[in-house]
Amino acid sequence: MLKLPGLIDPHVHLREPGATHKEDYDSGTSAALAGGFTIVLAMPNTNPPIFDSTTLDLALNAAKQKARCDFGQYVGAGPNNADSIAALAGKAAGLKMYLDSTFGELRLDDMTLWQAHFQNYPQNYPLVAHSESRTMAAAILFSAIYNRPIHIAHVSLKEEILLIKAAKEKGIQVTCEVCPHHLFLSKDDIPAISHGHAGRGEVRPRLATKADVQALWENMDVIDCFATDHAPHTIEEKDSDNPPPGFPGLETALPLLLTAVDDRRLTMDDIISKMYTNPKKIFNLPEQAETWVEVDEKTEYEIKAENQLTRCGWTPFEGWKVKGKVRKVVLRGQTAFEDGKVLVQAGYGRNVRENQNGLLAKVNCRSGF
Ligand code: NCD
Ligand code: ZN
């Protein structure tokens, strides 16, 4: 039996408010526990999007009643909230900036808006950018100009990981995450994922070439975090004429990565640093006392959507054979998950930003909040 710390996923979509038929704080945090995660940070591209105090309270109230593991909720950088959103930094997981096209309405094309957000959002609170390719280069330049840390979401391309490596070597405060689906799948796998429905292969960033995938593996030391970008859409939606992009990932990430450890492509240290130590530091997350995950390293099994707790009803890894099963999760002294069953009540999960008032004192806030 292998004992791991409670894992942290800094990038999930829990669909609450607005699309709880895909997922909600209850089903999403249950899936998280089943995957060995005890903290998830939820993205703001909901309906309505989380971009002011009313919508943040809407999401946090739902989370407070429903979450079974600990959580944080991001706020989104919108076209009209650069002057007001900084005031919410203490309550939010971080500020998410959508600089490239994605699912939802929170996209910022105009660089004067980027400037306002970079200037206003307090320096030592996390700022996460969805920025691909050349947009990523621009986002990293902003980080250098405004001398503040930036975390780049879901890096998928060779040119991106090499750019981040070079930026780090220059001392720019950039960190990044890579998703398991960009490590284990390339665009060549789309036909196998699709089962005749092209929509199932749709994800942002898109699955890349084999050379891109290889570059991510070769630059493992540049990758700060593994994040699932758990983006559940129902199988009916994925198979429709207008399929939304996104893959579920909370229940497949750890088994896939443990299988890579078994294959000697990764080390246990990679898993612990990229799923616990680094995200904890980058996102300023609290210690969870008496919290751990027990994994049966030897158990081999087949990934099946029907065994998952996510509400979306499918996985791009259907039928994959993996080695390493989450047996038990203990969260703050209570057995939260054991042998396939969630054992803590809805509402057991805590907001990671509660009682973190000390953080605020350190803020170098230029906007006057
Ligand atoms: C995400 C979603 O469905 O919300 N989809 C995706 O393909 N990753 C959006 C996102 O993470 O940008
Ligand atoms: Zn996402």
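Positions are given from 1 along the sequence. Atoms within each ligand, like the ligands themselves, are counted from 1 in listed order.
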Original post:
Under 30°, 30 to 60°, or over 60°: which ring-plane class applies to H130 and Y98, parallel, tilted or perpendicular?
Top reply: tilted
Original post:
Does atom NZ of K323 have more than 12 heavy-atom neighbours from other groups under 6.0 Å away?
Top reply: yes
Original post:
With only distance considered, is P245 within less than 3.5 Å of ligand 1 through an N or O on each side?
Top reply: yes
Subject >> Which segment of R204 sits under 4.0 Å of ligand 1 when only heavy atoms are counted >> reply: both
Original post:
What about A231: any of its N or O atoms under 3.5 Å from an N or O on ligand 1?
Top reply: no
**OP:** Evaluate the ring pair (Phe, Tyr, Trp, His ring centres under 6.0 Å) criterion for residues H230 and H13: first the C-alpha distance (whole Å), next the side-chain angles of each, then the deciding distance (0.1 Å), finally the verdict.
**Re:** CA-CA 6 Å; H230 178 77; H13 298 266; 8.5 Å; no
Original post:
For R350, does the CZ atom sit with more than 12 other heavy atoms under 6.0 Å from it, leaving out its own atoms?
Top reply: no
**OP:** With heavy atoms only and a cut-off of under 4.0 Å, state how R206 meets ligand 1: side chain, backbone, both or neither.
**Re:** neither
Original post:
What do you reckon, is NZ of K168 surrounded by more than 12 foreign heavy atoms closer than 6.0 Å?
Top reply: yes
Original post:
Is any N, O or S atom of H130 under 2.8 Å away from the Zn ion (ligand 2)?
Top reply: no
Original post:
For ligand 1, is any non-hydrogen atom under 4.0 Å from D229's backbone (N, CA, C, O), its side chain (CB onward), both, or neither?
Top reply: side chain
Original post:
For A32, does its backbone N or O pair with a side-chain atom of T29 as donor and acceptor, under 3.5 Å?
Top reply: no
Original post:
Below 2.8 Å, any N, O or S contact between H11 and the Zn ion (ligand 2)?
Top reply: yes
Original post:
At a 4.0 Å cut-off, with the gap strictly under it, does some heavy atom of H181 reach an atom of ligand 1?
Top reply: no
Subject >> Location of contacts on H233 toward ligand 1, heavy atoms closer than 4.0 Å >> reply: side chain
Subject >> Charged N-O contact under 4.0 Å between D339 and K341 >> reply: no
Original post:
Is a side-chain donor-acceptor pair under 3.5 Å present for N351 with Q73?
Top reply: no
Original post:
Considering only heavy atoms of H130, which atoms of ligand 1 have at least one such atom less than 4.0 Å away?
Top reply: 12 (O)
Original post:
More than 12 non-hydrogen atoms from neighbouring residues, nucleotides or ligands closer than 6.0 Å to CD on E218, yes or no?
Top reply: yes
**OP:** Would you mind naming the N, O or S atom of D229 nearest to the Zn ion (ligand 2)?
**Re:** OD1
Original post:
Is H11 touching ligand 1 with its side chain, its backbone, both, or neither, if touching means heavy atoms under 4.0 Å apart?
Top reply: side chain
**OP:** List every atom of ligand 1 that sits less than 4.0 Å from any heavy atom of V203, numbering the atoms from 1 in the order shown and giving each element.
**Re:** 7 (O)
